[in-house]
Structures are given as structure tokens and as C-alpha cells.
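Remember, it's 1-based here, ligands and their atoms both numbered in the order they're listed. Fair warning: this is a prediction, and the values are worked out from it, not measured in the lab.
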Amino acid sequence: MIALPAFRLMRPATLAEAARHAAEPDARLIAGGTGLLPNLRLGLGKPRTLVSLDQLEELRGISHSSSLLRIGAGVTLGQLSRLKDIPDALREAAKSVAAPGHRTAATLGGNLCLDTRCVYYNQSEHWRRSNHYCLKYGGETCHVAPQGKKCRAAYSGDLAPALLALEAQVETTARVIPLEELYRDDGAAHLALGAGEIVVAVRIPAPKGRSGYAKVRGRGAIDYPLAGVAMALAMRDGSIAHIRVGLTGTNSRPFVLSGTGHFIGGKPDETALAKLVQKQAGPVRTTVTAADYRRQAAAILARRLLGRLSKGELS
Ligand code: SF4
């Protein structure tokens with residue numbers, strides 16, 4: 001780790017002011033800083049300006065109606081993990097992020113906008129320089145796929161798959177979009193946000209059934225997911241009435257598993273679901289853990305979640 005680079009710190013009091021500063025060249029937003037600051041101390045980025053969101057009351061609210069739960073982007077993961085009246089998948093995902101100290105500072109918006117990760121990228125400046133850097137930052141070659149011209153770093157946020165399973169929308173300073181549209185399949189530029197556009201809140205419709213989240217990680221007490229799966233499931237008379245699955249940790253963006261419509265009206269088929277996950281999860285060599293292990297882990301997590309949710313073992 002190296003010292004933080006010199007930067008100008010802005011602490012705007014309004015969203016409009018924050019958006020103005022965020023649109024300046026070489027400006028970065030900072031909320032809890034649990035993702036950004038370690039990266040800056042690895043030499044990954046030299047922003048001229050950091051725009052802190054910590055003064056913005058507009059980002060902190062949580063409101064419920066019968067049809068919608070709205071959670072501000074500045075709500076911390078610690079707060080989320082203690083809320084009783086939110087879907088289980090979201091609470092479990094928040095609880096699974098890092099350690100309690102991180103969750104006290106880390107925010108919902110920060111977790112959604114987490115940078116992608118790669119074993120060749122999240123390294124010290126010295127290590128990366130010795131390896132001639134890489135395509136994502138400062139170099140010309142991807143060490144994971146040297147023939148390609150696209151970064152395949154993995155998205156590793158825990159909250160996005162839960163919110164995708166729950167059909168959430170994201171509200172930014174510019175628009176309201178389905179959460180899946182916030183992400184692009186590009187490890188070097190995975191967020192589809194315009195200059196100065198800030199994530200303000202998420203909107204979650206009334207749940208259609210039970211939900212849950214599970215992840216596999218290197219260190220059980222504190223780690224990013226090697227694979228993470230969230231599921232929303234409703235059963236009627238022993239058959240599936242609704243199923244939606246969100247994945248993280250395996251691809252450059254979190255994504256909704258496609259093809260689950262096939263399961264509607266049938267009995268839970270854990271083997272078929274696991275096969276579907278294996279086909280769509282696309283991990284590559286971006287962690288020290290083998291890519292195929294992560295693919296298998298995602299399939300097993302989905303299989304187990306389906307079993308537990310359909311039997312009512314998760315609320
Ligand atoms: Fe770099 Fe390739 Fe890893 Fe992207 S996937 S961070 S370009 S080594």
C-alpha cells in the first residue's frame with residue numbers, strides 16, 4: 001500500500017452540487033470509501049477531486065408503501081443488515097459483505113457501483129509495474145486473455161444480485177431504470193452512468209414470494225464472492241409460480257439468469273436450474289481460485305437455494 005495521492009476533497013450539501021463536481025474531469029465519487037480507498041492506496045487511479053456524498057441527507061431515506069420499498073443509496077450496509085422489514089435476500093446480502101466495521105461505513109450505492117476485480121489488477125503498484133500493468137489500468141495486454149482486447153474482471157458486489165432477483169429499479173440523478181441497465185459487460189467500464197450521474201436510491205416492488213442470498217468466498221469471515229446467487233421464489237400448490245435468479249462474482253456484470261420461465265408451473269427442478277447456471281456463469285481466470293470451481297459453486301448455490309426456498313426453510 002502506498003500513501004493516498006493528493007486530491008481536492010469536496011463535501012457538497014446538495015445532490016445538484018455533487019453532480020456538478022462529479023462531472024468535472026478526473027473527479028470520483030466517494031461514499032463509505034471501503035472500496036475506493038484501498039484501490040487508491042494500491043495506486044489504482046489518481047483522481048484530482050473526490051466528491052464526498054456524506055453530507056447528502058437526500059441519499060439516506062428509507063420509505064415503504066404497500067407496493068414499493070425505496071432505499072436511499074447512502075443507507076449503510078450495517079443499517080440494511082439490521083432492518084427487519086426488507087426482503088431476506090437483501091438483508092442477507094448486506095450481512096455477507098466484509099466485516100462489521102466495513103458495513104458501518106459502506107453504503108448501498110457504493111456496493112452497487114463497486115469496481116470490478118481481478119487478481120492482476122488488485123495488486124500493488126510495484127507488482128503491477130513488474131508485470132507491465134494490464135489492459136484495465138496502464139497496460140496493453142490482458143493477462144487473463146492475452147489474445148483479447150476486452151477486460152474480463154469480475155463484478156463482485158453482493159447487493160446487486162439480490163436486487164436483481166427482487167426486480168429493483170435504480171434511481172439516479174438523471175433517470176429511473178431497471179437495475180440490470182446500470183451494468184455493462186465490460187470489466188474496464190462496467191457502469192452505464194453518464195458524467196456526473198449519481199445513484200440516488202433503489203426502488204423494490206412488493207415481493208412476490210420468499211427470497212434468499214448465498215455466496216462462496218475464500219475467507220468465510222470477510223471476502224468478496226467467488227460466486228454469489230440470489231433468488232426470489234413463489235410456490236403455488238407445490239409448483240413454481242415465480243422464480244428470478246441474480247448472479248454475481250462470475251462475470252463482469254451482475255446479471256439475471258435467463259430461461260427461468262421454463263420452470264413456471266413445474267415442480268422445483270434443482271438439477272435443471274444448476275445446469276442453466278453453469279451455462280450462463282462465465283468466470284475466467286481473474287481469481288486465484290479456478291474459474292471452473294466458481295462456475296460449479298454458482299450452480300450448487302442456486303440448487304441449494306431452490307431447495308431451501310421451495311421447502312420454506314428460508315422466509
Ligand atoms: Fe487486467 Fe485482463 Fe484482469 Fe482485466 S481481466 S483486470 S485486463 S488482467
Side-chain angles (χ1 to χ4, degrees), residues 1-2 4-5 26 28-30 33-47 97-98 102 106 110-161 164 180-193 215-219 222-229 246-255 277-299:
M1 291 272 180
I2 57 175
L4 284 173
D26 294 329
R28 293 288 302 269
L29 294 168
I30 181 165
T34 53
L36 179 64
L37 293 178
N39 275 0
L40 293 182
R41 293 201 59 194
L42 288 174
L44 294 166
K46 292 187 177 64
V97 176
H102 299 101
N111 195 264
L112 290 179
C113 296
L114 196 67
D115 193 8
T116 55
R117 298 182 60 80
C118 175
V119 69
Y120 294 99
Y121 173 71
N122 300 97
Q123 300 287 354
S124 68
E125 165 69 24
H126 173 73
W127 191 100
R128 285 179 291 110
R129 187 171 56 238
S130 321
N131 287 283
H132 309 288
Y133 301 101
C134 79
L135 207 57
K136 181 167 162 79
Y137 191 73
E140 289 171 7
T141 307
C142 170
H143 303 302
V144 170
Q147 311 305 324
K149 280 289 161 215
K150 186 175 171 189
C151 171
R152 307 277 303 274
Y155 177 81
S156 306
D158 288 289
L159 270 67
L164 288 172
E180 43 270 56
E181 291 180 19
L182 181 65
Y183 299 103
R184 289 196 287 236
D185 188 20
D186 181 346
H190 70 300
L191 290 175
L193 288 170
K215 74 196 253 189
V216 167
R217 49 187 156 180
R219 297 166 294 176
I222 168 175
D223 225 330
Y224 294 96
L226 293 167
V229 179
L247 284 102
T248 189
T250 56
N251 295 55
S252 290
R253 62 175 166 185
F255 67 97
V277 170
Q278 278 193 23
K279 270 193 196 150
Q280 293 176 43
V284 289
R285 208 168 36 90
T286 55
T287 65
V288 286
T289 305
D292 195 50
Y293 174 90
R294 289 158 63 204
R295 186 193 308 276
Q296 302 285 348

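Taking 2.8 Å as the threshold, Cys118 does not count as a candidate ligand of atom 1 (Fe) of ligand 1, since none of its N, O or S atoms lies below it. Taking 2.8 Å as the threshold, His143 does not count as a candidate ligand of atom 2 (Fe) of ligand 1, since none of its N, O or S atoms lies below it.
Of all protein heavy atoms, the one lying nearest to atom 2 (Fe) of ligand 1 is Cys142 SG, 2.3 Å. Ranking the protein heavy atoms by distance from atom 4 (Fe) of ligand 1 puts Cys151 SG, 2.4 Å first. Of the protein's heavy atoms, Cys134 SG, 2.3 Å lies nearest to atom 1 (Fe) of ligand 1. When hydrogens are left out, the protein atom nearest atom 5 (S) of ligand 1 is Arg152 N, 3.2 Å; that is the closest non-hydrogen contact.
At least one heavy atom of Ala153 lies less than 4.0 angstrom from ligand 1.
The side-chain tip of Arg128 does not point at the ring of Tyr137 from less than 6.0 angstrom away and within 45° of straight on.
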Verdict with supporting geometry, Asp115 and Lys136, salt bridge (charged side-chain N to carboxylate O under 4.0 Å, His left out)
CA-CA 11 Å; Asp115 193 8; Lys136 181 167 162 79; 2.9 Å; yes
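In this structure, a donor-acceptor pair under 3.5 Å is absent between the side chains of Ser252 and Lys150. Side chains of Glu125 and Tyr133: a donor-acceptor N/O pair is present below 3.5 angstrom, by distance only.
Counting heavy atoms from C-beta on, the side chains of Asp158 and Leu114 never come closer than 4.5 Å.
Across all non-hydrogen atoms, the minimal contact from Tyr155 to Leu112 is OH-O, 3.2 Å.
Close approach to Tyr121 involves these atoms of ligand 1, each under 4.0 Å from a residue heavy atom: 6 (S).
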